[in-house]
Amino acid sequence: MTELFGRFDFDVIARWIVPGERVLDLGCGDGSLLKFLKAEKGIRGYGVDNDPGNVLAAIKNGVNVLQFDLEKGLAGVDDDAFDHVIMSLSLQTVRHTVPLIKEMLRVGHEAVVSFPNFGHRSHREAIAVGRMPVSEALPYQWYDSPNVRFFTIADFEALCAANGIDVREGLFFDEGRAVTDDPNLNADVALYRLGRG
Amino acid sequence: MKSVGVVTPQRVSFDAPIALSGGATLPAFDLVYETYGELNAEGSNAVLVCHALSGSHHVAGVYADQPNNVGWWDNLVGPGKPLDTNRFFVVGVNNLGGCYGSTGPMSANPATGKPYGADFPVVTVEDWVAVQARLADFLGIDCWAAVLGGSVGGMQALEWTLQFPERVRHALVIASTPKLTAQNIAFNEVARQAILTDPDFHGGRFYEHGVVPARGLRLARMLGHITYLSDSQMAEKFGRELKNGKLSYGYGTDFQIESYLRYQGDKFTTYFDANTYLITTKALDYFDPARDYGGDLQAALARAKASFFVASFSTDWRFSPERSREIVYALMHNGRDVSYAEIECSAGHDSFLLDDAHYHAVVGAYFDRIET
């Protein structure tokens, strides 16, 4: 889904990555982010995706891709195997949210997650007139959406606080431009750097 | 899709003795092999295709005098195919102990002048790979661009990366496993007992009696076929369909599945050697690279340097996706490059031989990445 947002989130994520790191990208899609981080930061790593078309696309993109079902966790992956575990715009597609974030922080020193903010002004306006929001950040109709969890920036931060997940940095964007004023209302996408509490 | 066309098997004799895992030494041996495509000047485009239990060196193409004898992986190997013989020089070899021309139980034992029979030593996956390395030397291949195999062929691809880490750049391990489970060994043991207890087996010296242990070999193959297919595939293909439209209330063939298994079993006895079957099932049972590392597969794979492609099939219960994931996790632990595809396919273990579009697309995409 990353292609919907161009590259700005790639640039943000790349800033958080130290050259040569070990990276795991969950829900890697066609592997573009890994390919980008390989080229820009010389990272070593793997993408994980359970969609056969994405696995094929990622192989064509020259990255390591593993067809695993994230809902079943990462039990076979060692503790601390990665410097960063990334989930770019995929957290809302996973049912077992908290177990997965905990798995990310078990196998990685730090997690990077980005997600569409359901609390964005345009989404609130859609709900106010009685329709489910459809936007650049949430481009699907309610009946064909791969998203299974709908949450706001405020919801996510509350979840982290309740589960002892350390929010180390949050960056917010609206159509690719940085947002600082009331991100829960004004940002369509949030990116976080998370650590163990 | 085009085929490699008419191919001709080659034979090479090796005079240097080879010490086998079980302690025996063969003073000399022959290998039969086939090649497709052209080896480039740098010798950097060679791919070895390892065969499974009943396979052979005849991977692709047909023989001039046998136009219907199509290689066992012809749908994957050829010009423009996933393993493209326009880019790669592909080698297929009949393994040591085989029955398609390489030295095996049917060959004459130089000490007696009679067929080895049961005196042919049990060989292992490690031995096969050591022997394949002799062939690589002979062909002038210092390093394979890739070694590819399905099932026990995948074990050989994995073993190449461990025994000769410097001599293989990519390993494609398909529908395989790092070791057999107790259930896998159990099936093999029933197959062996069927052969060993056949009165026509004569302790493995049946050639001298002019017979073959057809009943045992037939049962072994019937049992094997059950494990190669999935429950759903069998249901789809045969269901409870009757052979003659009504029940016989006897012990003939009532159901189509019975007819299929009998046919497959009978056919097998006309071309496959019972001693080779015994040897190959033992090689399967013994393969366990983690054994020397206290069962630690991660430690066992630490010496591999190749990049890997691992694939499994959703309905394969003989070597299930879980077994392939064990290999993947151990490679990840060691920081090796690895891609893993779990392919949705209803045909069970035999899926790896089928022409599934997505399966062939991912294998082809991986081969496209391999530099020559």
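Numbered from 1 within each chain, the chains take letters A, B, ... in sequence-line order.
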Under 4.5 Å from any heavy atom of chain A - which part of [X]:
{"X": "B:Phe309", "answer": "side chain"}
{"X": "B:Glu326", "answer": "neither"}
{"X": "B:Asp368", "answer": "neither"}
{"X": "B:Ile370", "answer": "neither"}
{"X": "B:His358", "answer": "side chain"}
{"X": "B:Val362", "answer": "both"}

Quiz question: by atom type and distance under 3.5 Å, do the side chains of B:Ser312 and B:Asp316 form a donor-acceptor pair?
no
Any luck finding a side-chain donor-acceptor pair between A:Asn186 and A:Arg121 under 3.5 Å?
yes
With a 4.5 angstrom heavy-atom cut-off, which part of A:Val63 approaches chain B: side chain, backbone, both or neither?
backbone
Please determine whether the number of non-hydrogen atoms from other residues, nucleotides or ligands lying under 6.0 Å from atom CD of B:Glu38 exceeds 12.
no
In terms of ring plane angle, is the pair B:His349 and B:Phe319 parallel, tilted or perpendicular, where the classes change at 30° and 60°?
perpendicular
Between A:Phe172 and A:Tyr192, how do the two ring planes meet: parallel, tilted or perpendicular, split at 30° and 60°?
perpendicular
Would you say the side chain of B:Phe367 lies within less than 4.5 Å of the side chain of B:Leu172, judging by non-hydrogen atoms?
yes
Do B:Phe308 and B:Tyr366 touch side chain to side chain, with heavy atoms closer than 4.5 Å?
no
With chain A, which of B:Glu344, B:Glu342, B:Arg325 has the greatest number of heavy-atom pairs at distances under 4.5 Å?
B:Glu342
Looking only at B:Asp337, B:Val328, B:Val310, most heavy-atom pairs under 4.5 Å shared with chain A are made by B:Asp337
Ranked by heavy-atom pairs below 4.5 Å to chain B, first place among A:Gly53, A:Pro52, A:Ala58 goes to A:Pro52
